[in-house]
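As structure tokens, the structure follows; a few thoughts come after it.
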There are 2 protein chains.
Amino acid sequence: MVTPLQDFLFKTLGDPTRRAIFERLCRQGEQTVGTITASAGVSQPAVSKHLGVLLQAGLVSDRRHGRETHYRARPEALAPLVDWTKQMAGFWDARLDDLEDLLRRMDQ
Amino acid sequence: MVTPLQDFLFKTLGDPTRRAIFERLCRQGEQTVGTITASAGVSQPAVSKHLGVLLQAGLVSDRRHGRETHYRARPEALAPLVDWTKQMAGFWDARLDDLEDLLRRMDQ
DNA sequence: CTAATCCATAACTTACAGGTTATGGGTTAA
DNA sequence: TTAACCCATAACCTGTAAGTTATGGATTAG
């Protein structure tokens, strides 16, 4: 099953700094690059790059207002990740008719 | 919010080859290293290394039987990932009834 | 007993991603 | 107009992680 979208999503969220930025935008809503930089622990260009990657993954949207750029989280973009997880659990359940599997799950 | 567990989970699943191995184990159940290697597209040592990482993340379990080692997926280990996703969506929803945020959204 | 097999580890190479500083375009403030 | 500010891009550096081949221990087969 080839899903470059999921690949990109996982890769994007795989970096702790980047995921922290996304998480912050989810928690606190829209923020400017400067505000994000202030508590990101890395330089402003680094933040801009991370935001670029998040943007490409569809995880954030941007809004230019004067010389400021505001970024906002788009949690809907996490859907493929949820789908994938459900699918993995689904395969698991589908094999539950295997007695060994069932037993192993019960004593866990 | 410091969660090294989530960090490790995301990082582990961030690699396409590794996630493909995990996905295969979810789909097809327990497999030996040799079987996995046959369709992994990388060498046997590479597969062993990936399995080691998956093991450390708790995403798989191993069972030695003679000279073979069987690996099995543990989809329960995906739970923190599901929790995190729900939390992100939760923050989003929680802010939806914040009037200020709503207004800020409306005046674009 | 010998040979073949399975897998893990070691040792090494290398590509790339994430970090930095430097810079400049566009915008607001004075 | 000039100066200060915000941010994106360019150019560069570097650590790490994913890949490779080589090897050996343990186990099974002949």
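Numbers restart at 1 for each chain; the letters A, B, ... are given by sequence-line order, proteins then strands.
- Taking 4.0 angstrom as the limit, B:His50 places a side-chain polar atom (N or O) nearer than this to OP1 or OP2 of D:dG19.
- Note that OG1 of B:Thr69 and CZ of B:Arg63 are 10.0 Å apart. Values are rounded to the nearest 0.5 Å.
- If you measure from atom CZ of B:Arg19 to atom P of D:dA18, you get 12 Å, rounded to the nearest angstrom.
- The CD atom of B:Gln56 sits 12 Å away from the P atom of D:dA18 (whole-angstrom rounding).
- One can place CG of B:Asp7 at 13 Å from P of D:dA17, the figure rounded to the nearest angstrom.
- B:Arg67 contributes no side-chain N or O that forms a donor-acceptor pair with the base of C:dC7 under 3.5 Å.
- Separation of atoms OG1 (A:Thr32) and NE2 (A:His65) is listed at 12.0 Å; rounding is to 0.5 Å.
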Hey, what are the protein-to-nucleotides 8-10 of chain D N/O distances that come in under 3.5 Å?
unit_1: D:dA8; atom_1: OP1; unit_2: A:Tyr71; atom_2: OH; d: 2.8
unit_1: D:dA8; atom_1: OP2; unit_2: A:Ser48; atom_2: OG; d: 2.5
unit_1: D:dA8; atom_1: N7; unit_2: A:Gln44; atom_2: NE2; d: 2.8
unit_1: D:dA8; atom_1: N6; unit_2: A:Gln44; atom_2: OE1; d: 3.3

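- Rounded to whole angstrom, the span from the CG atom of A:Asp15 across to the C1' atom of C:dG19 amounts to 10 Å.
- Taking atom CZ of residue A:Arg63 and atom P of nucleotide D:dC7, one finds them 12 Å apart after rounding to whole Å.
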Practice prompt. Starting from the C-alpha separation in whole Å, work towards a yes-or-no answer on side chain to side chain contact (heavy atoms under 4.5 Å, CB included) for B:Leu51 and B:Ile36.
Written response: CA-CA 10 Å; B:Leu51 288 170; B:Ile36 298 169; 4.2 Å; yes

Practice prompt. Please test B:Trp84 against B:Leu5 for side chain to side chain contact (heavy atoms under 4.5 Å, CB included), starting from the C-alpha separation and ending with a verdict.
Written response: CA-CA 11 Å; B:Trp84 179 84; B:Leu5 181 73; over 6 Å; no

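- One can place CZ of B:Phe10 at 18 Å from P of D:dA17, the figure rounded to the nearest angstrom.
- Remark: of the listed residues B:Arg74, B:Arg24, B:Arg72, B:Arg72 is the sole one forming a salt bridge (Lys or Arg N to Asp or Glu O under 4.0 Å) with B:Glu30.
- With rounding to whole Å, B:His65 atom NE2 is found 11 Å from D:dT27 atom C1'.
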Worksheet item: Does the pair B:Thr17 and B:Val47 meet the rule for a side chain to side chain contact (heavy atoms under 4.5 Å, CB included), with working shown?
Response: CA-CA 9 Å; B:Thr17 304; B:Val47 169; over 6 Å; no

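- If A:Val42 and A:Gly66 are placed on DNA chain C by their nearest nucleotide, the residue sitting closer to the 5' end is A:Val42.
- The distance between atom CG of B:Leu54 and atom C1' of D:dA18, rounded to the nearest whole Å, is 14 Å.
- Side-chain N/O atoms of A:Thr37 include none lying less than 4.0 angstrom from OP1 or OP2 on D:dC7.
- At D:dG19, one or more side-chain N or O atoms of B:Thr17 fall inside 4.0 Å of OP1 or OP2 (strictly under the cut-off).
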Practice prompt. Please lay out, stage by stage, how B:Arg27 and B:Glu23 fare under the test salt bridge (Lys or Arg N to Asp or Glu O under 4.0 Å).
Written response: CA-CA 6 Å; B:Arg27 286 177 185 275; B:Glu23 189 167 333; 3.3 Å; yes

